[in-house]
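In what follows, a structure is listed as structure tokens, so that the remarks can point back to it.
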There are 4 protein chains.
Amino acid sequence: MATLAPLTSTRSEPRPKSTRRGPKTNKEQRRLSTERLLAAALKLFITQGYSATTVEQIGRAADRTKGAVYFYFGAKAQLLMALLDQAEAVTVEPTIAAVRQRNGTARDKLVAFMHSQSAIGAERGALMMLAILMSTEFHGIDDPIERRLDGLMDRLTNLLQEIVEQGRREGILRTDLGPRETASMLMAVNQGCFVEWYRRGKDLDGPGFVRAMRTIVLDGVGFSGHSTRSDLELGEI
Amino acid sequence: MATLAPLTSTRSEPRPKSTRRGPKTNKEQRRLSTERLLAAALKLFITQGYSATTVEQIGRAADRTKGAVYFYFGAKAQLLMALLDQAEAVTVEPTIAAVRQRNGTARDKLVAFMHSQSAIGAERGALMMLAILMSTEFHGIDDPIERRLDGLMDRLTNLLQEIVEQGRREGILRTDLGPRETASMLMAVNQGCFVEWYRRGKDLDGPGFVRAMRTIVLDGVGFSGHSTRSDLELGEI
Amino acid sequence: MATLAPLTSTRSEPRPKSTRRGPKTNKEQRRLSTERLLAAALKLFITQGYSATTVEQIGRAADRTKGAVYFYFGAKAQLLMALLDQAEAVTVEPTIAAVRQRNGTARDKLVAFMHSQSAIGAERGALMMLAILMSTEFHGIDDPIERRLDGLMDRLTNLLQEIVEQGRREGILRTDLGPRETASMLMAVNQGCFVEWYRRGKDLDGPGFVRAMRTIVLDGVGFSGHSTRSDLELGEI
Amino acid sequence: MATLAPLTSTRSEPRPKSTRRGPKTNKEQRRLSTERLLAAALKLFITQGYSATTVEQIGRAADRTKGAVYFYFGAKAQLLMALLDQAEAVTVEPTIAAVRQRNGTARDKLVAFMHSQSAIGAERGALMMLAILMSTEFHGIDDPIERRLDGLMDRLTNLLQEIVEQGRREGILRTDLGPRETASMLMAVNQGCFVEWYRRGKDLDGPGFVRAMRTIVLDGVGFSGHSTRSDLELGEI
DNA sequence: GATGAATGAGACTTCATTCAT
DNA sequence: TATGAATGAAGTCTCATTCAT
């Protein structure tokens, strides 16, 4: 005569103290805890999303407690902010540097851009995923996090836009689309492919995929034959 | 041991009826309310995400109440399911039909695919966005919704895979990547571009963008010159 | 990246009109609907409890709609009240009459009481169950329903109390307990046994059980030998 | 697409701390809160029923909040489960032990059973009530709680059944009814009397009542004279 | 320096009841 | 006469956050 929620978890039992191995210095302890929490949060955010991840889960995954998150970061959002700092340093700065120091045509610079992003994606895939996924999750929320993400993404988009503009000046790039839109689309393709690649995980040959993606961006799917025909065939939509 | 309403009532005064203009028959009312709720939910889900959208917001946006959502759909998740039914009917079926009835080379079929998807995206963009965004939000959740989304996406990916396989048999498609991976990547590019386009809204020339995207897929960004060189330049990552 | 409620029911589809067979008179229709609703409510209240039963369930079980309940009874509680009227008429009145018209010793009257209650329980078990179970469910709720139930039960308890008092005057009943308490205990035993019997349903020989219960009340479990010993053995608790 | 707290916060001002007097260590605090919550829930469940009791009421009655219940028990149902654990330990185990260590006839064992149950009922009446009332409230619900209750009750019924079977072998017990049914009826009588007694509270002499109940079970209401006659008088029902 | 007990806003959902048709 | 669309109060549960120890 009553409706019950399923009985699964047995809560409330105090977790056994985890024997914390390791260095004794305060500073060292701080660094270690911070790192572990950041790593745990990164993993959870990209697999479950930000709002579906609880502070408790983060603490547990880092072999710490919920309180530790607040002790070190003050708020869940600040933890994400700290990760976005890392993401910017790791996924934006090096690519900007790589493109800037690559003298040559727009094509050369675009190749350098993709080369750099691919390398980063291969080594620090999680941080790249974070920026991409959080951009989706926070899109349209008026919030410091969204602004942070926009700023981060804009730096790459601006970089691409510069390349596109150079390409136009050099006359080696078509102008179907404005420079900003072309840049956005390159970002979108880049990110779409990266997410697909990352999610498929190890069942897919990394370097091969990256090479294929790069080729697609530069030359399309790879049909032999030129596009003019297809444009004609399509007519108006 | 039970709470009674009419005799012990602590209810509030009967609220002022919201003068709802509109049709008189039940069937008509039903259709209208259902449509309004679906439309409101669709808009909110793609701008805020599923879990960030509350049932109350949906009701309010449809000029109804929370209760109306439950009267018609029984659960928030069922409302999403109903929208995914629409999404499948609108964004998957016609493309499959279009590709099937297009006799020709793999290239022709791919053009038909993109043509169809673009047309749908232009007219029913919101439903396309829904499927794409929900796929991200529900990725990795073991849940009927995820399975529904997977099924929906798989139908398109399978279609692309068939095209890719045909292209290989015809010898007009490179084979850097397996057919499945190539299909996935085509999906990713398609979706990445679409999201970017949709979000930029009307400040971007639709047909122009679609044409550009199609070109990118078929021929890359559009640098004049072939890709072989770029491959050589890139070396190994 | 979102948590979902299980997806089971498919709500919101208008139920197909049930082809209502039967008499056409208004009065006849009224009577029939009322009866069906009462019968359905009775069944549900005793199997699920009052508050766990929804008005919609009642309507559906009677092949009517939720609205019909309100049309005929005005409120869920009034439906229960109507059932309690039936219960009183069926389970209280006849027993009172039977005892009153039985001239004889207190023992004779108690036998008449149990005889009557057993017969009613055998034929109108559901209504007896209702009174017993609702007494439990509403116990301690300050509510017209509780007062109604108390009144109903009090009539039987008072009747038993009269019998007990007569038995004392006749000197054929022990006086370990006050008359009121003895009466209450007889009610409790009667009801406890009845619930047990009713719930076991048809896997138990009805008349046999009733006879056994009657015997227990009058003579205990039926050990051969007298109680004096057991009293001595028990000592103080 | 996510709601953030610290940055976009719409939270209210930090509430004034309720100055909670009491022990300082966590373990002590834990024990205290758990106990208070369990005690509050027990009281409310047996006076109002399980589903009529809200989690907020429980928290308030324990000088805590709703949240505390979920912190310690995770779900309302788990709180009841915890109470049923206590009920089993307190009301079942000792009686089983008492009967097992009582060597003698079936009658001796039944006396031991009732002796033990009475003592427990006098000291831990609330827990006995809980098991009895919840059995009614959850009867027919397919639910872990019902299974728990069934298991609990079955242990006592099985014990009684063993006693009854021994009595039959010893030839000192009538066999109107099968052993299982007799055991069930003993349980019903026991419980019916107990509920009645408990509800009348302290306006009733405890030991006197228990003695009377024991007598009833062993020898019936206590009319002088034997039952054979009454059986004949009753005829068939 | 770190913990975990405790809070409370807010989410999803249920359901008795109202009312226009 | 009877329906069913719609409401909103109230309940269960989640979770970011606070704070005493």
Side-chain angles (χ1 to χ4, degrees), chain A residues 3-5 12 14-15 17 26 29-30 33 51 53-57 59 64-72 74-77, chain B residues 3-6 9-12 14-15 17-18 20 24-26 29-30 33 51 53-56 59 64-72 74-77, chain C residues 3-5 12 14-15 17 26 29-30 33 51 53-57 59 64-72 74-77, chain D residues 3-6 9-12 14-15 17-18 20 24-26 29-30 32-33 51 53-57 59 64-72 74-77:
Chain A
T3 328
L4 286 184
S12 96
R15 201 178 316 108
K17 278 275 177 233
N26 274 349
Q29 184 61 264
R30 270 190 95 85
S33 288
S51 65
T53 299
T54 72
V55 175
E56 174 121 35
Q57 286 175 332
R64 295 290 183 284
T65 67
K66 192 171 35 163
V69 173
Y70 286 90
F71 181 72
Y72 286 113
K76 188 185 177 189
Chain B
T3 327
L4 288 182
S9 186
T10 42
R11 291 287 176 108
S12 58
R15 80 219 94 76
K17 266 291 147 193
S18 76
R20 184 82 39 74
K24 296 291 166 283
T25 68
N26 269 345
Q29 184 64 263
R30 209 181 166 77
S33 290
S51 66
T53 299
T54 75
V55 175
E56 186 148 28
R64 296 288 183 282
T65 65
K66 215 172 17 144
V69 173
Y70 286 92
F71 177 71
Y72 283 111
K76 189 185 175 187
Chain C
T3 329
L4 286 183
S12 96
R15 201 179 317 107
K17 279 275 178 234
N26 273 349
Q29 184 62 262
R30 268 191 96 85
S33 288
S51 65
T53 299
T54 71
V55 176
E56 173 122 35
Q57 285 176 333
R64 295 290 183 281
T65 66
K66 192 171 35 164
V69 173
Y70 286 91
F71 181 72
Y72 287 112
K76 188 186 178 188
Chain D
T3 328
L4 288 183
S9 185
T10 43
R11 292 286 178 108
S12 60
R15 79 220 94 78
K17 266 292 149 192
S18 77
R20 185 82 40 75
K24 296 292 166 281
T25 67
N26 269 346
Q29 185 63 262
R30 207 180 168 78
L32 179 65
S33 290
S51 66
T53 299
T54 74
V55 175
E56 187 148 29
Q57 285 174 338
R64 296 288 184 283
T65 65
K66 209 174 22 142
V69 174
Y70 286 93
F71 177 71
Y72 283 111
K76 189 185 175 187

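Per chain, numbering begins at 1; letters A, B, ... match sequence-line order.
When the C1' atom of dA16(F) is taken as reference, atom CD of Gln57(A) falls 13 Å away, rounded to whole Å. In this structure, Phe71(B) places its CZ atom 20 Å from P of dA9(F), rounding to the nearest Å.
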How would DNA chain E look in dot-bracket form, 5' to 3', counting Watson-Crick and G-U wobble pairs with both distances under 3.5 Å and writing | for bases paired to another strand?
-> .||||||||||||||||||||
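Among dT17(E), dA6(E), dA6(F), the nucleotide with an atom closest to any side-chain atom of Arg64(B) is dA6(F). Nearest nucleotide to the Thr65(A) side chain, out of dT17(E), dT3(E), dC15(F): dT3(E). Comparing atom distances between the Thr54(A) side chain and each of dA11(E), dT12(F), dC15(F) picks out dC15(F) as nearest. Side chain of Lys76(B), nearest nucleotide from dC12(E), dT12(F), dT17(E): dC12(E).
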Can Val69(D) and Lys66(D) be said to form a side chain to side chain contact (heavy atoms under 4.5 Å, CB included), step by step?
-> CA-CA 5 Å; Val69(D) 174; Lys66(D) 209 174 22 142; over 6 Å; no
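An OP1 or OP2 oxygen of dG1(E) is reached within less than 4.0 angstrom by a side-chain nitrogen or oxygen of Arg30(A). Using a 4.0 Å cut-off, some side-chain N or O of Tyr70(C) falls inside it from OP1 or OP2 of dT17(E). For the OP1/OP2 pair of dA6(E) and a distance below 4.0 Å, the side-chain nitrogens and oxygens of Gln29(D) include at least one atom meeting the criterion. Contact check, Lys66(A) against dG4(E): no side-chain N or O comes under 4.0 Å of OP1 or OP2. Between Ser33(D) and the phosphate of dA6(E), there is a side-chain N or O to OP1/OP2 separation shorter than 4.0 Å.
Heavy atoms only, all atoms of each residue included: Tyr72(D) and Ser33(D) are closest at CE1-CB, 3.5 Å.
Looking at which nucleotide of DNA chain F each of Ala68(C) and Thr53(D) is closest to, the 5′-most match is held by Ala68(C). Taking the nucleotide of DNA chain F with the nearest heavy atom to each of Gly67(B) and Glu56(D), the more 5' of the two is matched to Gly67(B).
The CZ atom of Phe71(B) sits 11.5 Å away from the CZ atom of Arg64(B) when rounded to the nearest 0.5 Å.
With sequence neighbours excluded, the residues that form a side-chain contact (heavy atoms from CB on, under 4.5 Å) with Thr53(C) are Leu44(C), Phe45(C), Gln48(C), Gln57(C), Ile58(C).
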